[in-house]
Amino acid sequence: MDSNNKRRILVILESIVVGLLTFLLILTNCLSSLDFIAWDSLYQIPRGIDSKIKIIGVDEKTMAELGPIQTWSRSTYADLLNKLNENEDAKPALVGFDIQFSGNVDEGDDAFVEAASASGNVVIVNHLIYGRKLEQNENGLWVAPVNDVEQPYDALADVCDIGFSNVAQDSDGVVRRIIPVEKYTDESGNVTEQRMFSSVLYEKYCDYTGTTPRAVPTDIYGRSIINYSGRPGDYEYISMIDVLDGTIDARAFTGSIVLVGAYATGMQDAFSVPTGGSQQMYGVEIHANILQSYIQGRFSVNGNATLFGIIAAIIAMALHIIFRKLKPWQSLIILLATIGIEVGVLMAVNNHGSAYSIIYLPLVLVLSFFYCLAINYVTEKARKKKVLNAFKKYVAPQIIDEISKGGDFQIKLGGENRDIAVLFVDIRGFTTMSEALEPEQVVEILNEYLSLTTKSIFDNSGTLDKFVGDATMAVFNSPFDLPDYEFKAVCAAMDIVNGGKALEKTLMEKYGRSVGFGVGVNVGPAVVGNIGCEFRMDFTAIGDTVNTAARLEANAKKGQVLISDVLYERVKDRVDVAEIGEIPLKGKSKGVFVYEVTEVHRENA
């Protein structure tokens, strides 16, 4: 199996893992606390409160005048109702008390019953007491059962509508949902439906306006998500004492839904809500928000997690494959666009009644993006290492080290004009020697020679261009810029000749044969680059400079380093030479003045 097929299979396996991770995260909602934060930021955007809903608060100011609420006679509430209803043509549409009226207190109880009965538009609350041990309901779901109901005193319950005031808190303590209807089974086995305070208010308000109540969507647990309309303190609030003493004209509440409830911190009726930030919202304000959701039909429920998980998994799988193919900046644009589209779609869907987990698809896509980024980095690093290892066969190690530090892998393809130094070296007497020795011995001698020439070239930062039989070609200042390349080429030539003397002695002792080297070096312009055709290319140098160097090498005797006059002019201050004179070179109409290098002075380099 080739590398491309292996890579395709790997990418497919990765995408499957990405899809499964997305599906499982959505299905289990294991990061619910993070998801709740996203919900609150995107779903719970205050849309403006309904001016028909007004709050009369039992606040610090009221209790400063009337004393602690626990000490009040219920005649106080009777006085409030009478005040609100004193003008028959300017009375509120509804009055809801989010206050517990359990048991009898004093003669004020009867006054409150009489006022509520005369008003005919009062809704009060009871309180559900839930069991701590979960039980399975008729749908096989584990829920907390209602073990008892704390009811208002009987006389008041007989003249008012009643709904429970409990609000449901999520695992992080924030009130995001309601349970519109709860079932309660009493000791006799009788089952009654207990309806929420806001739900009862809504139905009473529909009776008042002559409209048909809307059905509220619920999930399998009977819950609905509140879409809050306001923040803490947004609803119009009036201190209860200001109504009682006439500071506020009761006609201000004409046709309104009036909610009476705790509006002081010490009354322990405040909760964390999605729109509150660090500020809590009083229970009566929460019921105002719920009531407005009823009136405007803006509840939603958790959508089908399985279906959404499958869709999100498919999207995540497809995008992972795309991320693996595209450049990082292209993938980043697609990632941000996808997250933006998901947020927009889910907000629109929520406004039409279905809410879905927000964070999991973006989270997995971000992980996928960074995974692909890391894989691309590792792959590119491995590719560069492979390139460097390949270059090490041709280029001096110190050049490779410099390239790896700078990360500059730019080599012009197709050819470019460069000024280079070219070195050719050949074994003198190799043909005669090869005829007299065994093939294995010839190969061993050749390898010794090639090792010497390669080391000498690399030690002077040259590039090994090619081996042609027993000849070696090297270039300096290609494919990368090389300082003082002319002198380094001459030094490499002298190192080869000097090293050949030691090699000659070794071979004489071992095989009774000696070899020597002839070297030619030239400098000048040449075309360097990929030379060849589509299916076979060779990175090399061509031109008259290269041909002249080859001709110089052909004229060099054993142990000689011949250089052209052009090269001599560039290095003459650092070399000792013997003049050879002008010699004709094959293929050139005019001869070249040639020098033999006898010594190099590296200390002047």
Side-chain angles (χ1 to χ4, degrees), residues 49-59 61-62 65-66 69 72-101 104-126 152-163 165 195-213 235-263 284-285 287-288 290-292 294-296:
I49 55 92
D50 188 336
S51 60
K52 293 191 297 289
I53 302 173
K54 304 182 187 300
I55 294 173
I56 294 177
V58 180
D59 55 4
K61 180 180 178 181
T62 302
E65 289 288 329
L66 303 180
I69 190 172
W72 293 1
S73 168
R74 285 171 180 153
S75 61
T76 304
Y77 302 109
D79 293 342
L80 178 64
L81 282 176
N82 292 333
K83 197 78 174 175
L84 292 172
N85 293 315
E86 63 184 1
N87 189 333
E88 185 64 30
D89 295 327
K91 58 190 294 187
L94 289 174
V95 180
F97 285 89
D98 185 22
I99 299 171
Q100 283 289 114
F101 297 115
N104 293 100
V105 176
D106 56 24
E107 64 276 3
D109 296 349
D110 293 334
F112 188 26
V113 170
E114 184 179 345
S117 178
S119 179
N121 61 354
V122 177
V123 181
I124 57 176
V125 296
N126 58 17
Y153 63 97
D154 292 341
L156 184 63
D158 289 340
V159 297
C160 298
D161 290 279
I162 305 172
S165 61
R195 291 158 55 233
M196 192 172 196
F197 177 52
S198 306
S199 173
V200 176
L201 284 168
Y202 171 59
E203 292 189 7
K204 290 280 289 182
Y205 184 70
C206 287
D207 289 341
Y208 176 81
T209 58
T211 57
T212 302
Y235 282 94
E236 184 180 355
Y237 141 73
I238 300 96
S239 175
M240 183 173 170
I241 192 65
D242 287 342
V243 180
L244 290 172
D245 65 12
T247 302
I248 299 295
D249 191 329
R251 288 176 295 180
F253 301 100
T254 303
S256 298
I257 303 170
V258 178
L259 302 182
V260 184
Y263 219 84
V284 68
E285 292 180 282
H287 285 296
I290 299 170
L291 177 58
Q292 184 168 335
Y294 268 108
I295 292 171
Q296 296 176 349

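Predicted model, so just to flag it, every value in this text is computed and none were measured.
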One pair to check against side chain to side chain donor-acceptor pair (under 3.5 Å): T62 and D59. What are the steps and the verdict?
CA-CA 5 Å; T62 302; D59 55 4; 2.7 Å; yes
List the steps, then state whether side-chain contact (heavy atoms from CB on, under 4.5 Å) holds for V95 with V260.
CA-CA 7 Å; V95 180; V260 184; 4.3 Å; yes
With the side chain counted from C-beta on, respond yes when [X] and [Y] share a heavy-atom pair under 4.5 Å apart, and no when they do not.
X	Y	value
Y153	V113	yes
N85	P92	yes
E65	D245	no
Y205	L201	no
I49	E236	no

Please report the C-alpha distance between V122 and Y77 in whole Å, then the side-chain angles of each, then the deciding distance to 0.1 Å, and finally whether the side-chain contact (heavy atoms from CB on, under 4.5 Å) criterion is met.
CA-CA 11 Å; V122 177; Y77 302 109; over 6 Å; no
Taking all non-hydrogen atoms of both residues into account, name the closest pair between [X] and [Y] and its distance.
X	Y	result
I124	P152	CD1-CG, 3.5 Å
A252	K54	O-CE, 3.3 Å
A78	A111	CB-O, 3.5 Å
A115	N82	CB-OD1, 3.6 Å
G261	I99	CA-CG1, 4.2 Å
A157	I162	CB-CD1, 3.6 Å

Can you confirm whether or not the ring centre of F101 sits under 6.0 Å from the ring centre of F112?
yes
What distance do [X] atom [atom1] and [Y] atom [atom2] have between them, rounded to the nearest 0.5 Å?
X	Y	atom1	atom2	answer
S73	L66	OG	CG	11.0 Å
I257	I295	CD1	CD1	4.0 Å
K91	S119	NZ	OG	5.0 Å
L291	D50	CG	CG	8.0 Å
Q292	S198	CD	OG	11.5 Å
S117	L156	OG	CG	10.0 Å

Passes side-chain contact (heavy atoms from CB on, under 4.5 Å), F97 versus V125? Steps please.
CA-CA 7 Å; F97 285 89; V125 296; over 6 Å; no
Looking only at atom types and distance, does a side-chain atom of T254 sit under 3.5 Å from a main-chain N or O of A90, one as donor and one as acceptor?
yes
With side-chain contact (heavy atoms from CB on, under 4.5 Å) as the test, would you mind laying out the steps for L259 and Y235 before giving the verdict?
CA-CA 11 Å; L259 302 182; Y235 282 94; over 6 Å; no
Take atom CD in E203; do more than 12 heavy atoms of anything else shown fall under 6.0 Å from it?
yes
Are R251 and D249 close enough, and set up right, to give a salt bridge (charged side-chain N to carboxylate O under 4.0 Å, His left out), and what steps lead you there?
CA-CA 5 Å; R251 288 176 295 180; D249 191 329; 2.7 Å; yes
